[in-house]
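Below is one structure, written out as structure tokens; comments come after it.
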Amino acid sequence: MRYLSTRGGLIGGQTSAPFSTVLLEGLASDGGLSMPENYPQAELDAWRSLSYPALCLEIVSRFVDDIPREALKAIIDKTYTPEIFGSAEITPVRELEPGLSLLCVSNGPTLAFKDIALQLLGHLFEYVLAREGRVINILGATSGDTGSSAEYAMRGKNGIKVFMLSPHKRMSAFQQAQMYALDDPNIFNLAIEGTFDCCQDIVKAVGGDAAFKTQYHLGAVNSINWARVMAQIVYYFKGYFAATQKNGEPLDVAVPSGNFGNILAAHVAKRMGLPLRRLVLATNENDVLDEFFKSGCYRPRPAEETHATSSPSMDISRASNFERYLYDCVGRDGVTVRKLWEQLTQRGGFDLTEPKYHAYWQRIQASGFVSGRSTHADRLQTIREIYRRYGVMIDPHTADGVKVGLEYRETDVPLLCVETALPAKFAATIEEALGQTPSRPAVYADIEQRPQRYAVLPADAEAVKAFMREQLV
Ligand SMILES: *Cc1c(COP(=O)(O)O)cnc(C)c1O
């Protein structure tokens with residue numbers, strides 16, 4: 001399997017690259033994102049009864065052909081264990097009532113779905129770096145959950161240092177403590193005076209400085225890393241098998257979305273042949289993607305217009321993985337993607353309902369995506385309603401997905417809502433909704449009281465470079 005850039009240019013300095021290159025490089029050389037040259041087709045009958053690690057091996061080995069299968073198997077087997085993810089199912093499905101279930105993907109070390117991909121990435125990185133005798137300095141941006149997931153996955157790993165940018169004072173106390181209380185010497189937390197989008201821009205700017213990137217061995221684990229999307233494909237298959245009786249039955253999924261990485265994995269699973277019918281995309285008050293799927297207009301907003309909400313991991317107004325989805329919808333034509341992104345820069349947006357884009361808009365409408373938005377009031381209401389009816393506590397992000405999913409629910413098609421975090425991570429909102437504090441795993445009992453280690457920096461790429469230079473002498 002070779003990987004191409006969504007902008008049709010070079011990737012890792014070549015026209016196509018192998019998996020190991022896209023694993024370590026993040027952005028393609030032309031500023032685009034890496035995509036597999038094709039989607040391998042699923043073998044639903046053979047896969048239905050597999051365990052999580054076995055299913056993962058089948059899927060991942062189709063996207064990774066430059067790591068021997070035996071080595072991949074060993075990596076996957078040590079990643080997806082009941083000790084790390086709480087059960088042998090890894091991503092269990094919890095039925096609320098017939099036809100309505102939660103796909104529980106947040107039982108990893110940091111209590112959010114991002115652990116599923118990042119725990120695997122930690123081991124993949126270590127393997128590839130050791131094989132090639134290299135080191136890597138991971139520069140990432142987080143709105144809360146990616147950062148802690150990445151840090152817990154990379155802490156103590158050989159050859160890896162992590163520099164994680166997070167928006168200063170915009171995360172929950174628990175999220176902040178989870179990251180800033182880590183004292184591993186290979187982990188650096190940088191609190192940026194700005195929003196998540198500012199952090200993401202800085203990562204792009206620093207990564208775009210080719211000389212700096214080479215000199216300091218920069219790599220990425222944020223949601224533009226293809227390997228993360230790949231790892232997330234697995235739980236859509238697992239969830240489908242658990243929520244349906246037999247292959248071929250339709251299933252709708254509802255996904256609370258921010259950077260578009262989670263729902264992109266559902267899109268890829270569908271393209272591989274998984275019978276997902278609707279992909280219900282839920283946004284919070286930052287509703288750029290909802291606007292796009294309803295109107296055809298894509299208008300990312302500037303950082304000043306990004307609202308700080310009670311589902312903070314979705315406070316994103318420029319979803320980086322959206323480019324990958326569009327690449328598929330314009331017939332995988334990198335030149336078209338490049339032109340659309342030029343328009344984004346020059347005019348702040350594009351409108352796919354314009355006649356010249358008709359074919360693309362039709363493909364988008366046929367792709368199964370529908371969307372909706374959820375507000376703070378909706379979130380509270382949904383958390384209450386799910387608790388009252390089923391005695392189940394859901395986190396605010398999951399609530400956004402459930403709210404919008406239910407709006408599209410139809411009686412004859414089961415709906416699977418992705419639970420993207422545990423309520424313990426967002427206690428303040430749960431308390432506001434239910435008047436009670438969610439319980440948390442014992443390892444996190446006193447996390448907010450532990451000493452924190454982080455540096456506050458202005459929203460400026462040069463300041464981040466200077467900090468990194470100092471640490472990497
Ligand atoms: C990251 C995150 C999301 C958004 O997922 P994307 O892949 O960025 O769309 C939703 N909920 C939670 C809890 C998250 O951590």
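In this chain, residues are counted from 1 in sequence order. Order of appearance sets the numbers: ligands from 1, and atoms from 1 within every ligand.
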Exercise. Does the pair Asp328/Arg324 count as a salt bridge with the N-to-O cut at 4.0 Å?
Worked result: no

Problem set entry | Presence of salt bridge, Asp378 and Lys403, under 4.0 angstrom | yes

Exercise. Heavy atoms under 4.0 Å from ligand 1: which residues qualify?
Worked result: Phe113, Lys114, Asp145, Pro256, Ser257, Gly258, Asn259, Phe260, Gly261, Asn262, Ser313, Met314, His397, Thr420, Ala421

Problem set entry | CZ/Arg94: more than 12 non-hydrogen atoms of other groups inside 6.0 Å | no

Exercise. Side chains of Leu4 and Tyr327: does their closest heavy-atom pair fall under 4.5 Å?
Worked result: yes

Exercise. Picking from Tyr444, Phe426, Tyr180, what satisfies ring pair (Phe, Tyr, Trp, His ring centres under 6.0 Å) with Phe174?
Worked result: Tyr444

For this session: With sequence neighbours left out, write down each residue that passes ring pair (Phe, Tyr, Trp, His ring centres under 6.0 Å) with Phe292, or none if nothing qualifies.
Result: Phe322, Trp361

